[in-house]
Visitor: 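Below is the structure I would like to discuss, written out as structure tokens.
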Amino acid sequence: MGLLEQVTSPADLRDLTDPQLDELAAEIRDELVRTCAPRGGHLGPNLGVVELTMAIHRVFDSPRDRIVWDTGHQAYVHKMLTGRAGRFDTLRSEGGLSGYPNRGESDHDLVENSHASTSLSYADGLAKAYSLRGEDRYVVAVVGDGALTGGMAWEALNNISMAKDRKLVMVVNDNGRSYQPTVGGFATHLATLRTNPRYEEMLDLVKKRLHQVKGVGPPVYDALHAMKKGMKDVLAPQGMFEDLGLKYVGPIDGHDRVAVEQALTQARRFGGPVIVHVITRKGFGYNPAERNETDQFHQIGAFDVETGEARPAARVWTDFFSEEMVALGQERQDIVGITAAMLYPVGLDRFAAAYPDRIFDVGIAEQHAVTSAAGLAMGGLHPVVAIYATFLNRAFDQVLMDVALHRCGVTFVLDRAGVTGTDGASHNGMWDLSILQVVPGLRIAAPRDGARVHELLREAVQVTDAPTVVRLPKGSPPDDVEAIDRAGGCDVLVRRGAKDVLVVGVGPMASIGVEVGERLAAQGIGVTVIDPRWVKPLDPALVGLAHDHRLVVTIEDNGRVGGVGSTLLQLLTDSGVTTPFSMHGIPQEFLKHAERQAILDRIGLNAQTIARGIVERLAADGPEPLPITERAVQD
């Protein structure tokens, strides 16, 4: 029986000897690699925080002391040490452990949002609450150097520094990377700190020698203290923290558990806000991860344990975007790319390699990325901002007021749109079609297959007087579905028999619409299947098509409230079209993690469920006009 199996709570760690703790760290790394190999996951970050997590749980008393992870993808080790090691092989599987902290799994988990740069704000609020309630509890925020490139983190630091007596410890986990090497002035600052790991010893020695000088009164002491601060800034420019009034400890070797424990204990005793700066390495202890220059296996798919080689995988939606961006870059010198610390995940790495002067990685700063794109457009360029759909939520005001209001020609490519699956609720890109519907002038394209990614991206970057959006799901696209006809700007994919049912499939749901059409036609029901291609604004041709059919059915992988279906229903109502309407989309709820297809099946977004519902409805209503379904107006 290994040591990991014996750890049922963080308290068990305090009874282990140093050799046992070293053995436990090795067991944890083996379990991380073994579990992630068949299913993928955020392996690199967790290999890097083994000793740090152990030290935090030995010094602080979770769950009474609250630990906030920023972001939660580095909490695998935390899960193991808080009673979930026995279930760890269910990680990211339906019904199993989430890939992020999950309040439903454990009292030790507090924040399950995967969006970066938020932990210090959560921690600030918690520390204030405990202070007002008179509770003697500590708050520990573990924030990566990448997350500190986000402006929200600095807004929080500005407030935290004002309260000198709140028990708040901020652990800066500095590995020089978010997904890729961390960029920006703060990253440069931390790099300077890393190059002078012994400056504290030197300064303590200087201070001791100076205090041996006779006649040191308050004025002289102040001068000597200023001299010390000046020397510290020369050796390690940590002035930004000290100017905020925050106590700083470090830098500490994050893989030296004893040293980390000592630093955390020192911070705990201080009784006020303290920054503990630890230096770790992503992928530490697993050679294939440490050697990987791309991202140290930050997030990897299935791989071979011995070699670290990824298992063969089909081309994904992102690959088609990546190829087309390189081609567009060759044709047009005004095309530039912007990423928020996710060059490889969003597919801009090939563009960066081909045109290194035309790519801008702004760090985890989505709001800045969007407004900077507006400036680039005002300067005569056409920026393409590639970002996860879920992260665009954070920059909605900038899209609305900084880009759309000024009619800037900026193209947003939203990766991981719709149901993403195993990464959990906060990663599903199921909000964009709803929140972007309210933006005046903005246009949204939804490709149904790989060929349409090339086609619609080209159309999007031709627009110079308004923002455009191209949304791409996670995973591999279906086989290309060629149109048999055009209706306005819409592609007609199926036209069989009488004009009974009009199926409008949005983006990847168009292929589901085709399958629905085939099932209906097999039962003698006439059907027309349409791919709108551009879903904002909706093509006027849809009004005439809807008028000519007995039932309109929409299918989209976005929340039903405010999505394409509800927008089309509003358009038809405004146009006086009373054709009955059935709307299929994602329910407005936070979806539990599972494989994408399993989630789609669970919420009824599959051809069998949709076709059966249509057949049953037509059979029940007969030839008489059908009422708008309750399904279309609920929520």
Visitor: I'd like to know if the side chain of Arg602 and the backbone of Ala594 have a donor-acceptor N/O pair within less than 3.5 Å.
Guide: no

Visitor: Any side-chain heavy-atom pair from Leu392 and Leu436 closer than 4.5 angstrom?
Guide: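 Side-chain contact under 4.5 Å: yes.
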
Visitor: Begin from the C-alpha positions of Ser434 and Asn558 and carry the test side chain to side chain donor-acceptor pair (under 3.5 Å) through to its verdict.
Guide: CA-CA 8 Å; Ser434 298; Asn558 182 80; 3.0 Å; yes

Visitor: Check the angle between the aromatic planes of His427 and Tyr100 and answer parallel, tilted or perpendicular using the 30° and 60° thresholds.
Guide: tilted

Visitor: Of the options Glu459, Glu324, Glu482, which is the one that meets Arg452 in a salt bridge (charged side-chain N to carboxylate O under 4.0 Å, His left out)?
Guide: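 That would be Glu482.
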
Visitor: Let me see the working for Asp319 and Arg350 under salt bridge (Lys or Arg N to Asp or Glu O under 4.0 Å), right down to the final yes or no.
Guide: CA-CA 10 Å; Asp319 292 328; Arg350 299 181 194 178; 3.7 Å; yes

Visitor: Are the side chain of Arg358 and the backbone of Gly329 linked by a donor-acceptor contact shorter than 3.5 Å?
Guide: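 Checking the backbone N and O of Gly329 against the side chain of Arg358, a donor-acceptor pair under 3.5 Å is found.
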
Visitor: Once you round to the nearest 0.5 Å, how far does CD of Gln367 lie from CG of Asp397?
Guide: 8.0 Å

Visitor: Within the 3.5 Å criterion, strictly below it, is a donor on Thr609 or Asn606 matched to an acceptor on the partner's side chain?
Guide: yes

Visitor: Show your reasoning for whether salt bridge (Lys or Arg N to Asp or Glu O under 4.0 Å) applies to Glu94 and Lys592.
Guide: CA-CA 8 Å; Glu94 186 171 11; Lys592 293 182 179 179; over 6 Å; no

Visitor: Quick check: are there more than 12 heavy atoms from other residues, nucleotides or ligands sitting under 6.0 Å from CZ of Arg103?
Guide: no

Visitor: To the nearest 0.5 Å, what is the distance between CZ on Phe581 and CG on Leu572?
Guide: 6.0 Å

Visitor: Can you tell me how far the OG1 atom of Thr411 sits from the CD1 atom of Ile335, to the nearest 0.5 Å?
Guide: 7.0 Å

Visitor: Does the pair Arg486/Asp539 count as a salt bridge with the N-to-O cut at 4.0 Å?
Guide: no

Visitor: So do Ser582 and Val552 actually touch side chain to side chain, heavy atoms under 4.5 Å?
Guide: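 They are not in contact (no side-chain heavy atoms under 4.5 Å apart), so the answer is no.
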
Visitor: Could you walk me through whether Ile555 and Ile610 pass the side-chain contact (heavy atoms from CB on, under 4.5 Å) test, one step at a time?
Guide: CA-CA 9 Å; Ile555 313 172; Ile610 295 170; 3.9 Å; yes

Visitor: Set out, in order, the CA-CA distance, both residues' side-chain angles and the distance that settles ring-ring contact (aromatic ring centres under 6.0 Å, His included) for His454 and Phe321, then state yes or no.
Guide: CA-CA 7 Å; His454 294 286; Phe321 160 68; 9.9 Å; no

Visitor: Report the C-alpha separation of Thr554 and His584 in whole Å, then their side-chain angles, then the decisive distance to 0.1 Å, and conclude whether the side chain to side chain donor-acceptor pair (under 3.5 Å) test is met.
Guide: CA-CA 6 Å; Thr554 60; His584 299 267; over 6 Å; no

Visitor: Do Thr339 and Asp361 have side-chain atoms, one donor and one acceptor, less than 3.5 Å apart?
Guide: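 No, because no side-chain N or O of Thr339 sits under 3.5 Å from a partner of the opposite role on Asp361.
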
Visitor: Grab the two heavy atoms, one from Asn428 and one from Gly421, that are nearest each other, plus how far apart they are.
Guide: OD1-N, 3.4 Å

Visitor: For the CZ atom on Arg519, are there more than 12 heavy atoms of other groups (residues, nucleotides or ligands in this structure) within a distance under 6.0 Å?
Guide: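 Yes - once you tally the heavy atoms of other residues, nucleotides and ligands closer than 6.0 Å, there are more than 12.
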
Visitor: Under a 4.5 Å cut-off applied to non-hydrogen side-chain atoms, are Tyr388 and Thr420 in contact?
Guide: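 A side-chain contact is absent here, since even the closest heavy-atom pair is not under 4.5 Å.
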
Visitor: I'd like to know if Arg458 pairs up with Glu331 as an ion pair, taking the criterion as any Lys NZ or Arg NE/NH1/NH2 lying under 4.0 Å from an Asp or Glu carboxylate oxygen.
Guide: yes

Visitor: Whether the side chain of Thr573 engages the backbone of Leu569 through a donor-acceptor N/O pair (distance < 3.5 Å, no angle test) should be reported.
Guide: yes

Visitor: Where do Val516 and Ile614 come nearest, in terms of heavy atoms and distance?
Guide: CG1-CD1, 4.0 Å

Visitor: Looking at every non-hydrogen atom in both residues, tell me the closest pair between Pro508 and Trp317 and how far apart they are.
Guide: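 That closest heavy-atom pairing would be CB-CZ2, 4.0 Å.
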
Visitor: Any side-chain heavy atom of Val501 within less than 4.5 Å of one from Leu618?
Guide: yes

Visitor: Would you confirm whether Gln437, through its side chain, and Gly563, through its main-chain N or O, come within 3.5 Å as a donor-acceptor pair?
Guide: no

Visitor: Using a 3.5 Å distance criterion without hydrogens, assess whether the side chain of Arg39 forms a donor-acceptor pair with backbone atoms of Arg92.
Guide: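 Checking the backbone N and O of Arg92 against the side chain of Arg39, no donor-acceptor pair under 3.5 Å is found.
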
Visitor: Are more than 12 heavy atoms, taken from residues, nucleotides or ligands other than Gln330, located less than 6.0 Å from that residue's CD atom?
Guide: no

Visitor: From Arg495 CZ over to Asp485 CG, what is the distance, rounded to the nearest 0.5 angstrom?
Guide: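 Rounded to the nearest 0.5 Å, the CZ-CG separation comes to 4.5 Å.
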
Visitor: Check this for me, if you would: do Asp531 and Arg533 make a salt bridge, where the nitrogen-to-carboxylate-oxygen distance has to be below 4.0 angstrom?
Guide: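 Answer for the salt bridge query: no.
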
Visitor: From the options Thr528, Asp500, Thr579, select the one residue that forms a side chain to side chain donor-acceptor pair (under 3.5 Å) with His549.
Guide: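 Result: among Thr528, Asp500, Thr579, Thr528 is the only option passing the side chain to side chain donor-acceptor pair (under 3.5 Å) with His549.
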
Visitor: Check the pair Leu502, Leu551 against side-chain contact (heavy atoms from CB on, under 4.5 Å), reporting the backbone distance first and the verdict last.
Guide: CA-CA 6 Å; Leu502 174 67; Leu551 174 67; over 6 Å; no

Visitor: Ignoring hydrogens, what is the shortest heavy-atom contact between Pro477 and Gly450? Give both atom names and the distance.
Guide: CB-N, 4.0 Å

Visitor: Can you tell me if Asp574 has over 12 outside heavy atoms packed within less than 6.0 Å of its CG?
Guide: yes

Visitor: Using modelled atom types and a 3.5 Å cut-off, is there a donor and acceptor pairing between side-chain atoms of Thr390 and backbone atoms of Gly429?
Guide: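 No.
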
Visitor: Does a side-chain heavy-atom distance below 4.5 Å link Val494 with Ile530?
Guide: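 In short, these two side chains do not touch, never coming nearer than 4.5 Å.
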
Visitor: Under 6.0 Å from the six-membered ring centre of Phe320 and within 45° of its axis: does the NZ or CZ of Arg315 meet both?
Guide: yes

Visitor: I'd like to know if the side chain of Thr149 and the backbone of Ile364 have a donor-acceptor N/O pair within less than 3.5 Å.
Guide: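 Side chain of Thr149 to backbone of Ile364, a donor-acceptor pair under 3.5 Å: yes, one is there.
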
Visitor: Does the pair Asp465/Arg407 count as a salt bridge with the N-to-O cut at 4.0 Å?
Guide: no

Visitor: Tell me if the CE atom of Met401 is crowded by more than 12 foreign heavy atoms within 6.0 Å.
Guide: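 Check fails, neighbour count at 12 or below.
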
Visitor: Could you tell me the separation between the OH atom of Tyr344 and the OG1 atom of Thr318, rounded to the nearest 0.5 Å?
Guide: 15.0 Å

Visitor: Please answer whether the main-chain N or O of Gly347 pairs with a side-chain N or O of Ser322 as donor and acceptor at a distance below 3.5 Å.
Guide: yes

Visitor: Is there side-chain contact between Lys474 and Thr422, with at least one heavy-atom pair below 4.5 Å?
Guide: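 A side-chain contact under 4.5 Å exists here.
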
Visitor: Donor-acceptor check, side chain of Asp402 to backbone of Thr371, threshold 3.5 angstrom: yes or no?
Guide: no

Visitor: Donor-acceptor pair, His382 side chain versus Ala377 backbone, under 3.5 Å?
Guide: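 Side chain of His382 to backbone of Ala377, a donor-acceptor pair under 3.5 Å: no, none is there.
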
Visitor: When rounded to the nearest 0.5 angstrom, what distance separates CG in Leu97 from OG1 in Thr90?
Guide: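 Reported to 0.5 Å precision, the distance equals 3.5 Å.
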
Visitor: Just so I know, are the side chains of Leu433 and Glu556 near enough to count as touching, which here means a heavy-atom distance under 4.5 Å?
Guide: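 Leu433 reaches Glu556 side chain to side chain.
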
Visitor: Go through the steps to decide whether Leu591 and Ile603 satisfy the test side-chain contact (heavy atoms from CB on, under 4.5 Å), and finish with yes or no.
Guide: CA-CA 9 Å; Leu591 303 172; Ile603 63 179; 4.2 Å; yes

Visitor: Do you know which two heavy atoms are closest between Ala354 and Val326, and how far apart they sit?
Guide: CB-CG1, 4.4 Å

Visitor: Under 4.0 Å between a side-chain nitrogen and a carboxylate oxygen: does that hold for Asp557 and Arg471?
Guide: yes

Visitor: Grab the two heavy atoms, one from Pro532 and one from Val504, that are nearest each other, plus how far apart they are.
Guide: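 Heavy atoms of Pro532 and Val504 come nearest at CG-CG1, 3.5 Å.
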
Visitor: Is there a side-chain contact between Ser426 and Phe590 (heavy atoms, below 4.5 Å)?
Guide: no

